Participant: 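Before I ask anything, let me first share the structure, which is written out below as structure tokens.
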Amino acid sequence: MSTPFRIMHHVCIVVHDIEKAVEHYSNLGIGPWFDFPDLSVFGDLEMPNREAFLAMTYKCADTGNVQFQLCQPPELDCPQRRFLDERGPGVFHIGFAAEDIDSSERAGQELGLDVVMRGRREDGTGFSYFDTMDSAGVTLMVRSVPPPPRNEV
């Protein structure tokens with residue numbers, strides 16, 4: 001059986017106060033932290049609330065083998081805000097690396113998973129969130145990124 005969930009990329013935790021969370025994790029030796037790139041690069045979005053998605057605040061730290069992400073959702077209705085309000089801070093999603101986001105999304109659908117949120121950049125890279133919260137206790141997502149820029153000599 002083909003699965004898009006082979007290479008774990010990150011764990012994303014939703015929090016009430018991202019600066020306080022960064023300070024806490026930094027005191028534990030996790031970091032350095034950096035801002036997630038501007039979310040407006042995802043021109044093709046299928047979201048329950050586009051305004052809320054674009055207002056998310058993310059901080060990331062590379063920990064060697066898996067990226068650690070913190071997310072502070074805005075005070076607007078969205079899945080991350082509902083999770084935080086209903087359950088408190090915790091793991092909202094686990095992200096898996098995908099070479100080709102569209103084929104990874106199809107592989108998830110072939111496993112019987114519905115796509116609940118998705119976004120694509122102009123170059124075809126992006127992300128897809130699957131409806132797995134109730135069945136798995138966490139949302140699973142796949143993501144692909146543009147290749148790094150080449151250094152021209």
Side-chain angles (χ1 to χ4, degrees), residues 3-101 104-105 107-108 113 115-133 135-151:
T3 180
F5 310 116
R6 294 256 184 249
I7 302 171
M8 190 173 181
H9 179 267
H10 67 269
V11 174
C12 183
I13 298 173
V14 292
V15 297
H16 290 288
D17 183 332
I18 202 162
E19 295 305 326
K20 187 175 179 179
V22 165
E23 181 180 355
H24 173 73
Y25 288 112
S26 294
N27 289 336
L28 299 175
I30 299 172
W33 293 89
F34 59 93
D35 293 333
F36 193 83
D38 181 10
L39 296 172
S40 68
V41 299
F42 298 101
D44 179 12
L45 281 174
E46 293 176 24
M47 290 284 145
N49 184 337
R50 180 184 178 89
E51 180 186 5
F53 173 77
L54 294 173
M56 297 280 177
T57 302
Y58 285 93
K59 295 280 188 178
C60 306
D62 292 323
T63 62
N65 59 338
V66 174
Q67 189 177 84
F68 199 77
Q69 295 182 354
L70 298 172
C71 171
Q72 182 178 326
E75 294 290 336
L76 298 168
D77 183 47
C78 60
Q80 294 88 337
R81 170 53 54 196
R82 288 192 298 270
F83 179 97
L84 188 58
D85 290 347
E86 294 168 10
R87 300 180 185 209
V91 177
F92 176 75
H93 77 261
I94 299 173
F96 292 84
E99 279 191 40
D100 180 290
I101 189 60
S104 293
E105 181 179 285
L113 302 175
V115 175
V116 292
M117 297 182 281
R118 69 191 302 272
R120 299 294 186 270
R121 293 178 190 89
E122 200 171 280
D123 65 4
T125 62
F127 62 87
S128 299
Y129 287 80
F130 296 101
D131 184 12
T132 58
M133 184 64 74
S135 60
V138 66
T139 298
L140 299 179
M141 65 97 75
V142 291
R143 42 91 67 199
S144 67
V145 297
R150 291 180 44 187
N151 289 333

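Basis for what follows: all heavy atoms, side chains included, without hydrogens, waters or symmetry-related copies. Given the structure is predicted, the values throughout are model-derived calculations rather than measurements.
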Participant: So, the side chain of T63 versus the backbone of V66: is there a donor-acceptor pair under 3.5 Å, distance only?
Facilitator: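 Looks like yes, one N/O pair under 3.5 Å.
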
Participant: I need the minimum non-hydrogen distance between M56 and P74, along with the two atoms involved.
Facilitator: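 For M56 and P74, the tightest heavy-atom pair comes out as SD-CD, 3.9 Å.
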
Participant: If you compare all heavy atoms of V91 against all heavy atoms of I94, which two are closest, and at what distance to 0.1 Å?
Facilitator: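 So the two residues come closest at CG1-CG1, 4.3 Å.
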
Participant: Do side-chain atoms of R118 reach the backbone of Y129 as a donor and acceptor pair under 3.5 angstrom?
Facilitator: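 Judged by distance alone, no pair lies under 3.5 Å.
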
Participant: Measuring centre to centre across the rings, with the benzene-like ring taken for any Trp, is F5 within less than 6.0 Å of F130?
Facilitator: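 Between F5 and F130, the centre distance is under 6.0 Å.
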
Participant: May I ask you to decide if L140's main-chain N or O and T132's side chain share a donor-acceptor pair within less than 3.5 Å?
Facilitator: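 Yes, the answer is positive, given that a donor and an acceptor are paired below the 3.5 Å cut-off.
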
Participant: Considering only heavy atoms from C-beta outward, does the side chain of P4 approach that of M141 to under 4.5 Å?
Facilitator: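 No, their side chains stay 4.5 Å or more apart.
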
Participant: Heavy-atom distance under 4.5 Å between the side chains of C12 and Y58, does that happen here?
Facilitator: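 Yes, at least one pair of side-chain atoms sits under 4.5 Å.
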
Participant: Which value, rounded to the nearest 0.5 Å, describes the distance between L76 atom CG and R50 atom CZ?
Facilitator: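 L76 CG to R50 CZ: 14.0 Å, rounded to 0.5 Å.
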
Participant: For the residue pair F83 and V14, what are the closest heavy atoms and their distance?
Facilitator: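 Answer, listing the atom of F83 first, then V14: CD2-CG2, 3.3 Å.
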
Participant: Give me the atom names and distance for the closest heavy-atom approach of V115 to S128.
Facilitator: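 The answer is CG1-CB, 4.5 Å.
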
Participant: Between T125 and R121 (side chain of the first, backbone of the second, donor and acceptor by atom type, cut-off under 3.5 Å), is there such a pair?
Facilitator: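 Answer holds: no.
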
Participant: Side chain of R81, backbone of P73: donor and acceptor closer than 3.5 Å?
Facilitator: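 Yes; judged by distance alone, with no hydrogens or angles, the pair exists.
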
Participant: Given 3.5 Å as the limit, does a donor-acceptor pair link the side chain of N49 with the main chain of D77, or not?
Facilitator: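 Here the side-chain-to-backbone pair exists.
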
Participant: Between P48 and P79, is there a side-chain heavy-atom distance shorter than 4.5 Å?
Facilitator: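 Yes; the side chains approach each other to less than 4.5 Å.
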
Participant: Once the angle between the rings of F53 and F42 is folded into 0 to 90°, is it parallel (under 30°), tilted (30 to 60°) or perpendicular (over 60°)?
Facilitator: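 F53 and F42: perpendicular rings.
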
Participant: Can you measure from CG (D38) to CG (L54) and round to the nearest 0.5 angstrom?
Facilitator: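 With rounding to 0.5 Å, CG (D38) is 8.0 Å from CG (L54).
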
Participant: Quick one: closest heavy-atom pair of A98 and V142, and the distance?
Facilitator: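 So the two residues come closest at CB-CB, 4.4 Å.
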
Participant: Nearest 0.5 angstrom please: D100 CG to S144 OG, how far?
Facilitator: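 Result: 7.0 Å between the selected atoms.
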
Participant: Let me confirm one number: the CE-CZ distance from M133 to R87, rounded to the nearest 0.5 Å.
Facilitator: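 It comes to 5.0 Å.
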
Participant: Quick check for you: to the nearest 0.5 Å, what is the distance between I30 atom CD1 and H24 atom NE2?
Facilitator: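 One gets 7.5 Å once the value is rounded to the nearest 0.5 Å.
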
Participant: Counting C-beta onward and ignoring hydrogens, is there a side-chain heavy-atom pair between E19 and D17 closer than 4.5 Å?
Facilitator: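 When only atoms from C-beta onward are counted, D17 and E19 do touch, with a gap below 4.5 Å.
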
Participant: Report yes if the side chains of H93 and M117 come closer than 4.5 Å at any heavy-atom pair, otherwise no.
Facilitator: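 Heavy-atom side-chain distance check fails, nothing below 4.5 Å.
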
Participant: Quick one: CG on D62 to CD on Q69, what's the gap to the nearest 0.5 Å?
Facilitator: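 Taking CG in D62 and CD in Q69, the distance rounds to 9.5 Å.
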
Participant: Does the side chain of L84 reach to within under 4.5 Å of the side chain of P89, using non-hydrogen atoms?
Facilitator: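 Yes, their side chains come closer than 4.5 Å.
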
Participant: Can you tell me how the ring of Y25 sits relative to the ring of F68, calling it parallel under 30°, perpendicular over 60° and tilted otherwise?
Facilitator: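 Correct class here is perpendicular.
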
Participant: Mind checking whether M8 and F96 have side chains closer than 4.5 Å, heavy atoms only?
Facilitator: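 The answer is yes, as the side chains (C-beta and beyond) meet within the 4.5 Å cut-off.
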
